[in-house]
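All values derive from a computational prediction rather than experimental measurement.
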Amino acid sequence: MTTAPFGAAPVGRQELLARLDHVLHARGRALLTGPAGVGKTEVALAAAARAESRGETVIWLATLPSDRDIPGASAAALVASIGRPDVLDRLPGPQRGAVAVLCREAPAPEDGWDPIALRLALGRLLRELAADGPVLLVLDGVESIDPDSADLLRFALHLAPPALRAIAVETPACHAPDAPQLWVPSEADVLLVPPLHADEIAELLIHHRLPSRMAGRIHKASGGNPRLALAVGRSLADARTPVHHAEALTLSGRARDLARQLLGAAPPPVRETLLLAALALRPSTALIRRAGRPTAEADLIAAERAALVSLGEDGTVAFTAGVLPSTLVHDACWAARSAGHAALAEVVDDPVEAVRHRALAADAPDAALAAAIGVAADTARRRGNSALAAELALLAAESTPVEHGPRRIARLVDAAEEAARAARADLALRAATDLLARDAAPPDRVRARLAVLDTAGQGLTGLDEMYVHAMEDSDADPALRSAVLLRLAVKYVLADGDPVRSRTAAVESAALASSIGDPRTAARALTVQARMDRVLGSPDAETVLAQARALEMSERPLGIRNAAQILTIRHALFDARLSDARDALNALLPLVQRRGPVEDCIELFSTLAEIESRNGMCAASLAHAGQSLALTLEAGLSPGPAWYGLALAETAGGSFARAASYARRSVQASEEEGDHVFLSRSLYALGRVQLVNGDVASALETLHRVRTEERAQATVDPSMLRWHEELAEALVAGDQPDAAGELLAEVRPVAERLGRTAVLLGLDRAEGLRLASVGRADEAADLLAATAERFDAAGLPLERGRALVALARVERRRRRRSAAQSALQTAAAVFERAGATPWLALAAETPSARTPAEPAPAGEVALASLTEAEQRLALLVGQGASNQEAAAKLFLSVKTVEARLTRIYQKLDVRSRAQLATALGAARGHAAP
């Protein structure tokens, strides 16, 4: 019996559900508690679905806030939810009469209902239900149960047999009466439903088809509250303003309404205290008390109980979701905000913070105040607090009187550039919008627009007008023109997927920068040129990169994310010079961690994860990729690149399933951003996992997309993304050896001309599988054995292990079981030393357990005569698939399936599907040991 739809486990709650099941089976009672919107009801629904799938009876009672004021409302609703007339009819007369009075089916006597009869009736109803089998009772919203019903339920649950288990769902509030206790809870009974992690928020957004690239910012805004996160995500999806400028949009529409509902759990005096906390940079109970709230401690403890804030041992105050302080400030009138800032300005112990509060309390521009704010901004910058420096720089500009027009414009330019350094897109856009509405000179307009472009991150689509105006205004200034061309060069490759145009812009930018003696811009432009030269297969790439490095040596770059230094490391990675790449990166990492921007740390950790995954240091690769993602989400940047890095790391040392999940996320985020570079990379990572997992049809579809993307981008060098060997192997597995041969013949001369040794080894592995598929197994075995040895010499252990697994397949086809077993054992040892868990499992799954002296059964010999593509079709047909179903599953035409089946029948000497199924069953039976 149910009154609610039960569903699958909500995102991020599998571990909590397992704990809930354990508590229910061990103690029979569980209390789910947590703030509104955190997902308590969804967890209870999932638990109910599990119980229902086990054949248990589920009773769901959901209360409303108004129920608390209606005596007996919840108890009556429970009786209605049970809905078993046969059980009700078996109640003794007084008990049945009491239930009729409770449910308004009979008039109430003058002295009211009989509480003892009602207690006994409810207890008996639950016992009768449990006598027919296990029962799960879910009480959603116990804080709204009226006192009379609570008393009745408490007695009934006390008498209930062990077969009846109960889940209570509670939402604490700081000003409402305590929720009734339906049993005496122990520590084991109470399960706090925690907020979701940032990565889980990303998964939630993808599940609801919302933009996942904003997962980090949405997590900050929502505090991990799923309902609030979805509201923020929908606000961003519906907004017309470009999402990379969307910090302020987290308060729009439903998101703001939900924030108000959460804050509504606090009475007005508590909200007044919370407003002061929202206005302060570093709120604490002592600071708020000194600012005029003598009840600060009690108010904040009440707010903590309602999950609005968390209090540290030292009295520090932190809001649980970013939209809460923003909503408090937004909804407060100007007088309240001004008074709060004025009070805080008098009690903070940091002069920089005091100036900030004075500026925010002022109601008119003031030249002296603007100057003081500018000094405070410089101080914050020296301290390394770039976010505060950006905010103060904008406040200095906005506090400058209108009659000081040139000074205000200069400060707006400084504010925009300071916001760009702090990656604060909202502040950069605010400063640029103010400046562009004024009579600013073209150079000032260009600098403001460049600041906005620099905060766009991976999302450069939708900004074409910004580039056009910047180009127009920079026409007379070579320095600015060079800077604009540099941004265009990046935009052309990321957003437009056009490396030729990107290289042209980079060459022009470098020439202009060199002509005016600007080595910093020249170095950055030459770096982009070198990157495009590599993409386009130009032999000049390394020479140009060396020129960029030489300029960087004399003029140190502000960051390394797009610098020649990091590109040099990536080139070493592409060329499989892994020791060189790792040594250079490890030398750079401590410096960047101490003084570099977060984007540089993300880039280094991501690159290090790639290096270690290829180098056979799988645990280290996973750790570095995890750090890259954590920093990405914390900074509110697009997680697409970090998810790609995690997909590679999981493929090496985690699990293929998680690798595919991260790759799919990266595909979605890259598509949302319009990022062609990482779209190709994430599709490659996904296709590779699909191929290794044996999902050949999906791998072919995905890797064909990679080929289309790469060719559209005119990519020539095969070392930057090694999709060619993966697609060739997928084509072989899909029974398309001729197409695989054509692809290998197309890419091999390019790899040889460019000297891409590691690429050539990968092509040799694919070629070995192709040779085996066309009946040249002896040549294939020789080639794969030699390739495995060369991979070993090149220091690529996972590649060596993969070649050995391929060799084992070929040796089985040659009926050389001892050689196949030896290759598998060597591969397993390689994978085990590297910590390559999924590859080790793959090697262990490959059947070859028979002793060398034992002859293979006839059925298995016949099955081994089939190609891998033929084996897949044979298994599908043997399991009952029609030709049409098999064609759809394998992405083949029906005619191809018919022709292939004819060859299979001939090889296995069978004449029907029934005989085919028998032959396959015999072969599998022989192979089972």
Would you kindly say whether Q690 and S698 are connected by a side-chain donor-acceptor distance under 3.5 Å? no
Starting at CD1 of I82, measure out to CG of L78 and round the result to the nearest 0.5 Å. 4.5 Å
Going by an N to O cut-off under 4.0 Å, is there a salt bridge joining E143 and R68? no
Taking all non-hydrogen atoms of both residues, which atom of L64 and which atom of S144 are closest, and how far apart? O-CB, 3.2 Å
Looking only at atom types and distance, does a side-chain atom of N693 sit under 3.5 Å from a main-chain N or O of D695, one as donor and one as acceptor? no
Residue pair V190, T33: steps toward the side-chain contact (heavy atoms from CB on, under 4.5 Å) verdict: CA-CA 7 Å; V190 181; T33 185; 3.9 Å; yes
Looking only at heavy atoms, which two atoms of R104 and P71 are closest? And how far apart? NH2-O, 4.3 Å
Is there a side-chain contact between V323 and L258, using heavy atoms and a 4.5 Å cut-off? no
Can K40 and T171 be counted as having a side-chain donor-acceptor contact under 3.5 angstrom? yes
I need the minimum non-hydrogen distance between I201 and A229, along with the two atoms involved. CD1-CB, 3.7 Å
Can you confirm whether V138 sits close enough to L61 that some side-chain heavy atom of one is under 4.5 Å from a side-chain heavy atom of the other? no
Any heavy-atom pair between the side chains of R664 and Q668 that's under 4.5 Å? no
Do V43 and L17 make a side-chain contact, defined as non-hydrogen atoms from C-beta onward lying under 4.5 Å apart? yes
Test your reading of the model: is there a side-chain donor-acceptor pair from R29 to the backbone of D189, 3.5 Å cut-off? no
Side-chain heavy-atom pair L139, L182 within 4.5 angstrom cut-off: yes
Salt-bridge criterion met for D199 and R665 (N-O under 4.0 Å): yes
Heavy-atom pair with the smallest gap, counting every atom of P194 and V38: O-CG2, 3.6 Å
Do T63 side-chain atoms and G141 backbone N/O form a donor-acceptor pair below 3.5 Å? yes
Checking E170 against L32 for the side-chain contact (heavy atoms from CB on, under 4.5 Å) test, could you report, in this order, the C-alpha distance in whole Å, the side-chain angles of both residues, the deciding distance, and whether it holds? CA-CA 6 Å; E170 172 196 59; L32 292 174; over 6 Å; no
If you measure only the distance, is there a donor-acceptor pair under 3.5 Å linking the side chains of D331 and T327? no
Using a strict cut-off of less than 4.0 Å between a Lys/Arg side-chain nitrogen and an Asp/Glu carboxylate oxygen, indicate whether E56 and R50 qualify as a salt bridge. no
Approximate separation, where rounding is to 0.5 Å, of H25 NE2 and L20 CG: 10.0 Å
With a 4.0 Å cut-off on N to O distance, would you call E15 and R19 a salt bridge? no
Note, I145 side chain near D67 side chain (heavy atom, < 4.5 Å): no
So L263 and L328, do their side chains get closer than 4.5 Å, heavy atoms only? yes
How many angstroms lie between OG in S666 and CD in E671, if you round to the nearest 0.5 Å? 10.0 Å
Sidechain N-carboxylate O distance under 4.0 Å for R119, D151: yes
Quick check against the 3.5 Å criterion: does T320 have a side-chain atom that pairs as donor or acceptor with the backbone of L308? yes
So does I116 have more than 12 non-hydrogen atoms from other groups sitting under 6.0 Å from CD1? no
CD (E650) and CH2 (W643) are apart, to the nearest 0.5 Å, by 14.0 Å
Given S310 and E304, is the side-chain hydrogen bond (donor to acceptor under 3.5 Å, both in side chains) satisfied, shown in steps? CA-CA 5 Å; S310 60; E304 185 178 44; 5.8 Å; no
What's the spacing between S661 OG and F656 CZ if we round to 0.5 Å? 15.0 Å
Can you confirm whether L633 sits close enough to P639 that some side-chain heavy atom of one is under 4.5 Å from a side-chain heavy atom of the other? yes
Taking the basic N atoms (NZ, or NE/NH1/NH2) and the acidic carboxylate oxygens, is any pair closer than 4.0 Å for R254 and D257? no
Apply side-chain contact (heavy atoms from CB on, under 4.5 Å) to the pair L137 and L157, showing each step before the final yes or no. CA-CA 10 Å; L137 173 61; L157 289 173; 4.0 Å; yes
E42 and R227: CA distance, side-chain angles, deciding distance, side-chain contact (heavy atoms from CB on, under 4.5 Å) verdict: CA-CA 11 Å; E42 286 74 13; R227 187 188 302 168; 5.8 Å; no
So CG of L125 and CD of Q95: to nearest 0.5 Å the spacing works out to 8.5 Å
Any sub-3.5 Å donor-acceptor pair from H219's side-chain atoms to L196's backbone N or O? yes
Heavy atoms only: give me the nearest L205-S212 pair and the separation to one decimal. CD1-CA, 4.2 Å
Side-chain donor/acceptor of R96 to backbone N/O of L91, under 3.5 Å: yes
Decide if atom CZ of R54 counts as having more than 12 heavy atoms of other residues, nucleotides or ligands within a radius under 6.0 Å. yes
Side-chain donor-acceptor contact under 3.5 Å, S149 with D146: yes
Do the side-chain N and O atoms of T41 and D140 include a donor-acceptor pair separated by under 3.5 angstrom? yes
Short side-chain to backbone donor-acceptor contact, W60 and L45, under 3.5 Å: no
Mark yes or no for whether N225, through its side chain, and A36, through its backbone, hold a donor-acceptor pair below 3.5 Å. yes
Has the side chain of T295 got a donor or acceptor atom that lies under 3.5 Å from a matching backbone atom of A298? no
Indicate the atoms forming the closest heavy-atom contact of A302 with V270, along with that distance. CB-CG2, 4.4 Å
Is the backbone of T285 close enough, under 3.5 Å, to the side chain of E297 for a donor and an acceptor to pair up by distance? no
